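All remarks here apply to the structure that follows.
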Number of protein chains: 2
Amino acid sequence: MDQRTPLPKPRRSDATRATILQAARQRFAMDGYERATIRAIAADARIDPAMVMRYFESKEKLFSLAVEFDLRLPDLTAVPRDQVGAAMVGHFLDMWEADDTLQVLLRTGVTNDAAAERMRSIFAAQLAPMIVEFTGEPALAPNRAVLVGSQVLGMALCRYILKLPPAVAMSREEIVGWLGPTLQRYLTEKALSSR
Amino acid sequence: MDQRTPLPKPRRSDATRATILQAARQRFAMDGYERATIRAIAADARIDPAMVMRYFESKEKLFSLAVEFDLRLPDLTAVPRDQVGAAMVGHFLDMWEADDTLQVLLRTGVTNDAAAERMRSIFAAQLAPMIVEFTGEPALAPNRAVLVGSQVLGMALCRYILKLPPAVAMSREEIVGWLGPTLQRYLTEKALSSR
DNA sequence: TCGCTTTGTCAACACTCGTTGGCCTACACT
DNA sequence: AGTGTAGGCCAACGAGTGTTGACAAAGCGA
């Protein structure tokens with residue numbers, strides 16, 4: 001009989017694997033790619049640095065797993081058309097505060113090319129298609145996606161990364177109140193007000 | 001009489017000092033703080049790494065000099081009141097493309113605390129006061145500054161750092177056309193449209 | 001000319017990094 | 001009992017880092 005073990009992967013403890021991945025995400029989120037050392041991640045996970053290498057072959061592989069992300073965008077066709085801007089702001093605020101994967105992406109994306117590529121693919125594969133579905137016009141969707149993303153990323157940068165005091169102090173309602181109309185315009189305005 | 005020479009002799013060291021500083025700015029702008037090594041900077045300046053230490057005592061001191069920056073904000077009271085938004089967008093685009101100091105700040109500010117503090121001080125000491133002068137109301141100025149900054153930084157992040165293809169492809173006129181009204185509202189709208 | 005400061009080079013130190021291989025322990029199965 | 005194996009720890013390697021001190025030219029005032 002073919003006792004040949006077809007087992008694709010050596011069985012390893014899923015629990016510690018998850019622990020390491022979580023610790024890695026936190027470190028990457030706080031320190032960025034270079035300063036988040038394998039040793040620090042291992043210490044957080046209360047484990048030997050060599051274990052990190054056993055579970056994930058290299059720091060780079062570990063990083064690419066830690067940075068997997070799904071925006072879980074809402075279905076804009078289901079919200080009143082004059083509230084899509086506010087809905088988007090609210091959704092992104094939730095995303096930023098629920099998880100630290102977005103912090104990882106932003107902290108590392110500015111210096112690490114793999115993370116930057118990941119962000120590019122998120123824009124192209126998640127945000128833009130959703131806008132196509134909402135507006136029905138594929139041509140301008142990439143531009144609208146970038147506009148929306150720029151405002152959302154910029155505010156997240158100021159509030160969660162740079163921690164500019166006024167940005168931190170603003171309430172959720174204030175942010176939605178200010179940014180909502182902006183996104184509303186980026187999402188719905190027909191074309192450039194060429195003036 | 002004052003035989004004391006008031007003019008310091010132009011030493012040759014001033015030239016190399018400037019060369020080093022320029023090379024440092026470029027490296028910091030491209031690679032961020034950690035990956036921009038003293039050795040790489042010295043190689044760019046065609047000089048020995050030890051020289052960098054002699055001229056600037058440490059990497060940290062060199063960095064804090066490389067990151068000095070003046071936004072050179074325009075006098076908004078001199079432009080037509082319905083064009084302040086577009087004027088600001090144009091000015092920031094000029095700033096981003098003329099120099100790479102802003103790239104240094106953004107690339108390093110997300111992981112290096114000194115750079116983040118510098119950005120905070122730029123907001124508080126340059127942007128906010130200028131908005132106070134424009135609007136005449138000191139209370140909301142910090143909020144307006146953060147809103148303007150978030151949109152401008154976000155677009156710069158997408159265009160110059162992450163290099164999202166649609167953001168790179170957009171023309172200057174398109175960016176001004178889309179972001180101008182946004183900044184216009186952030187700068188002039190009386191208060192939150194509480195709805 | 002001699003001396004002294006400046007400008008630069010070279011080699012090395014002490015340290016941290018990612019990564020590797022060897023060894024130990026626990027335990028399931030026969 | 002013995003054996004195999006997976007999970008984990010330890011010490012070390014090689015490379016790269018910021019930083020330092022000794023030493024060689026080069027300029028310049030006397």
Side-chain angles (χ1 to χ4, degrees), chain A residues 1 3-25 27-28 30-67 104 107-108 111-115, chain B residues 3-5 7-25 27-28 30-67 108 111-115:
Chain A
M1 296 79 84
Q3 299 284 2
R4 307 277 164 155
T5 69
L7 68 143
K9 306 187 178 179
R11 300 176 49 80
R12 276 162 184 176
S13 163
D14 293 344
T16 53
R17 197 183 149 90
T19 307
I20 295 175
L21 195 58
Q22 183 189 354
R25 251 192 275 263
R27 277 285 166 186
F28 283 133
M30 292 205 311
D31 299 340
Y33 185 81
E34 339 281 342
R35 287 180 41 207
T37 68
I38 295 278
R39 284 173 165 84
I41 293 170
D44 289 356
R46 263 179 282 266
I47 224 165
D48 192 88
M51 281 288 90
V52 181
M53 307 302 297
R54 233 212 258 285
Y55 280 83
F56 312 85
E57 300 168 39
S58 67
K59 182 180 183 180
E60 222 174 273
K61 297 262 181 67
L62 169 62
F63 177 72
S64 79
L65 284 182
V67 89
V104 179
R107 273 241 165 74
T108 59
T111 40
N112 185 291
D113 203 50
Chain B
Q3 301 284 3
R4 307 280 162 154
T5 70
L7 71 146
K9 316 147 202 176
R11 296 181 182 166
R12 186 179 41 184
S13 71
D14 291 345
T16 54
R17 197 184 149 90
T19 306
I20 295 174
L21 195 58
Q22 184 189 352
R25 251 191 275 262
R27 278 285 167 185
F28 282 134
M30 292 205 311
D31 299 339
Y33 184 81
E34 341 280 342
R35 287 180 41 206
T37 68
I38 296 277
R39 283 172 168 84
I41 294 170
D44 289 355
R46 261 179 283 268
I47 223 166
D48 192 89
M51 280 288 88
V52 180
M53 306 303 296
R54 223 209 270 285
Y55 280 87
F56 312 84
E57 299 167 39
S58 68
K59 183 180 182 181
E60 222 174 276
K61 297 262 180 66
L62 168 62
F63 177 72
S64 79
L65 283 182
V67 88
T108 60
T111 41
N112 185 291
D113 202 51

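These values consider heavy atoms only, across backbone and side chains, with no hydrogens, waters or symmetry-generated copies. Letters A, B, ... are given to chains in the order of the sequence lines, protein chains preceding strands, and every chain is numbered from 1. In this text, all values refer to a predicted model and were calculated from it rather than measured experimentally.
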When rounded to the nearest 0.5 angstrom, what distance separates CG in B/L21 from OG1 in B/T16?
11.0 Å
Shortest non-hydrogen contact between A/A66 and A/F28, atoms and distance
CB-CD1, 4.1 Å
How close do A/V52 and A/A42 get, counting heavy atoms only, and between which atoms?
CG2-CB, 3.9 Å
Across nucleotides 18-29 of chain C, 5' to 3', mark each nucleotide with B, S or - according to how protein heavy atoms within less than 4.0 Å reach it.
BBBBB-------
Whole-Å distance, B/D14 CG to C/dT6 P, equals 13 Å
Whole-Å distance, B/M51 CE to D/dT20 C1', equals 12 Å
Figure out the CZ/P separation between B/R46 and C/dG8, and round it to whole Å.
14 Å
Evaluate the side-chain proximity of B/T19 to B/I47: yes if any heavy-atom separation is below 4.5 Å, no if none is.
no
What pairs with B/R27 under side chain to side chain contact (heavy atoms under 4.5 Å, CB included), at least two apart in sequence or on another chain?
B/D31, B/A36, B/A40, B/I41, B/D44
Whole-Å distance between C/dC17 P and A/R27 CZ?
11 Å
Whole angstrom value for the distance that separates P of D/dG8 from CZ of A/F56
12 Å
Do any pairs count as a side-chain hydrogen bond (donor to acceptor under 3.5 Å, both in side chains) and have a residue in residues 32-42 of chain B, sequence neighbours left out, and if so which ones?
none
Does B/T16 place a side-chain N or O at less than 4.0 Å from the phosphate oxygens OP1/OP2 of C/dG8?
yes
